[in-house]
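Counting from 1, the numbers follow the sequence of the chain as shown.
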Amino acid sequence: MMKEAKADYYKVQKFVLDEHEIEEINTIILETMEFTQEVTMTYFEDGAFKPCMGYIHFVDQLNKHIRVMDKFEEVHRIKFEDIINIQII
């Protein structure tokens with residue numbers, strides 16, 4: 001019981017991006033896919049902000065997520081709505 005309360009204490013709430021920030025993220029995703037550029041991003045998962053670095057491998061518009069392949073060739077599926085920040089390296 002105490003362990004669950006402690007885990008919930010450290011969780012943060014996800015904030016909502018405005019339309020300009022969403023457009024900027026979409027532009028960077030498209031640009032990095034076209035020119036095969038490495039990105040670093042922050043996304044929200046399970047009450048925490050998590051980092052991810054790699055190449056955007058695939059954009060799944062139907063399921064609304066992207067697949068990012070890191071340097072260990074591990075594929076991470078990240079929902080569009082969970083992306084907080086993305087930058088080209």
V12 and A48: which non-hydrogen atoms are nearest, and at how many Å? CG2-CA, 4.2 Å
Work out which heavy atom in E21 is nearest to a heavy atom in D18; give both atom names and the distance. N-OD1, 2.8 Å
Treating N63 as the side-chain partner and H65 as the backbone partner, does any N or O pair qualify as donor plus acceptor under 3.5 Å? no
For the NZ atom on K79, are there more than 12 heavy atoms of other groups (residues, nucleotides or ligands in this structure) within a distance under 6.0 Å? no
Shared hydrophobic cluster for V68 and F58 (ILVMFWY, side-chain gaps under 4.5 Å): no
V39 and F49: same hydrophobic cluster, using ILVMFWY side-chain contacts below 4.5 Å? yes
How long is the straight-line distance from CZ of F80 back to CD1 of I22, given to the nearest 0.5 Å? 11.5 Å
Donor-acceptor contact below 3.5 Å, side chain E23 vs main chain H20: no
Flag yes if I88 and I56 sit in one hydrophobic cluster, no otherwise; membership is Ile, Leu, Val, Met, Phe, Trp, Tyr, and two members link when side-chain heavy atoms are under 4.5 Å apart. yes
CD1 on I78 to CG on D60, rounded to 0.5 Å: 13.5 Å
Nearest-0.5 Å distance, CG of residue D82 to SG of residue C52: 12.5 Å
Can you tell me how far the CD1 atom of I29 sits from the CD atom of E31, to the nearest 0.5 Å? 11.5 Å
Of L30, I83, N85, the residue whose pairing with I25 passes side chain to side chain contact (heavy atoms under 4.5 Å, CB included): I83
Dump the intermediate steps for side chain to side chain contact (heavy atoms under 4.5 Å, CB included) on D70 and H76, then the final yes or no. CA-CA 8 Å; D70 64 14; H76 304 270; 3.0 Å; yes
To the nearest 0.5 Å, what is the distance between CD (E73) and NE2 (H57)? 10.0 Å
For Y43, check ring pair (Phe, Tyr, Trp, His ring centres under 6.0 Å) against everything at least two apart and list the hits. none
Contact between K71 and M53 at the side-chain level, heavy atoms closer than 4.5 Å - yes or no? no
Consider only side-chain heavy atoms of I, L, V, M, F, W and Y, link residues closer than 4.5 Å, and tell whether M41 and V75 are in one cluster. no
Is there a path of hydrophobic side-chain contacts, each under 4.5 Å between heavy atoms of I/L/V/M/F/W/Y residues, joining Y55 to I28? no
CD (Q37) and CD (Q87) are apart, to the nearest 0.5 Å, by 13.0 Å
